[in-house]
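Worksheet: the structure to be examined is printed underneath.
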Amino acid sequence: CCRPDTLLVSASAPAPAPIPAPPRRDDEILALGSEGEIDDADLDDADVIAGVIAALEAELRDLCAAGMTRLHPFGYTGLVPQLMAAADLFITKPGGISTTEALCCGLPMVFVASLQGQEARNQAFFVRAGCAVAIKNKRDLPAAVDRLLSDDATRETMSLRARELALPDAADAVAREVLQLVRADED
């Protein structure tokens, strides 16, 4: 039949000061099961990027060793484009680089735990544009994920909106413009 839905979860950004608590599985982005616990029976495939947070990666690997066969942890990795291409939904904070990559892939996003400032502005922009949803309480994450994974039409619309916003060749365009300016200045 069909492959299971694949979630891509980015838990790679460590909390900046003054947030005192270090990232923990039960209060971080990974609240995919009921009551903030991860339950393999409730989990579709989930690729989880722990990034540079070694303790989180170790905890995720321990969960795999304990039998969570649908959880696929990654530390710092260069496989983000491939992971995004395989994902149906991206659970993340609204940082600039990860959201830009998701737009280029047409990947619908669920934002969790955005910080005030740029992340809050990114979140508002992408939610208004229709390519992301934001949850205020981490306990609401399982319901939000279930709702989106069970609604192909909404996910497809979010994907379309993301692709409409994407500027995949922006860096090349900026470089060409700078070269033109430099060459014009030399003449």
Common cluster, I97/F125, ILVMFWY with side-chain heavy-atom separation under 4.5 Å: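 In one cluster with I97: F125, no.
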
Not counting sequence neighbours, list each pair that qualifies as a side chain to side chain donor-acceptor pair (under 3.5 Å) and has a residue in residues 150-166.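 The answer is D151-T154, D152-R155.
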
List the steps and the verdict of side-chain contact (heavy atoms from CB on, under 4.5 Å) for R183 and Q180. CA-CA 5 Å; R183 289 180 181 144; Q180 286 178 353; 5.7 Å; no

Partners meeting side chain to side chain contact (heavy atoms under 4.5 Å, CB included) with [X] (sequence neighbours left out):
X: Y76; result: V52
X: L79; result: F74, T77, Q82, L83
X: N137; result: R139, D140

Return all side-chain donor-acceptor pairs below 3.5 angstrom for residues 98-110, not counting sequence neighbours, or 'none' if the list is empty.
residue, atom, partner, partner atom, Å
T99, OG1, G95, O, 2.6
T99, OG1, G96, O, 3.1
T100, OG1, G96, O, 2.7

Heavy-atom side-chain contact between T92 and F111 under 4.5 Å: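 Yes, at least one pair of side-chain atoms sits under 4.5 Å.
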
Matching residue for R176 among D172, V174, V178, L179 - test: side chain to side chain contact (heavy atoms under 4.5 Å, CB included):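 Answer after filtering D172, V174, V178, L179: D172.
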
Counterpart residues, salt bridge (charged side-chain N to carboxylate O under 4.0 Å, His left out), relative to R147 (two or more places apart):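 By the salt bridge (charged side-chain N to carboxylate O under 4.0 Å, His left out) rule, R147 matches no residue at all.
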
Rounded distance (nearest 0.5 Å) linking atom CZ of R128 with atom CD of Q123: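 Rounded to the nearest 0.5 Å, the CZ-CD separation comes out at 10.5 Å.
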
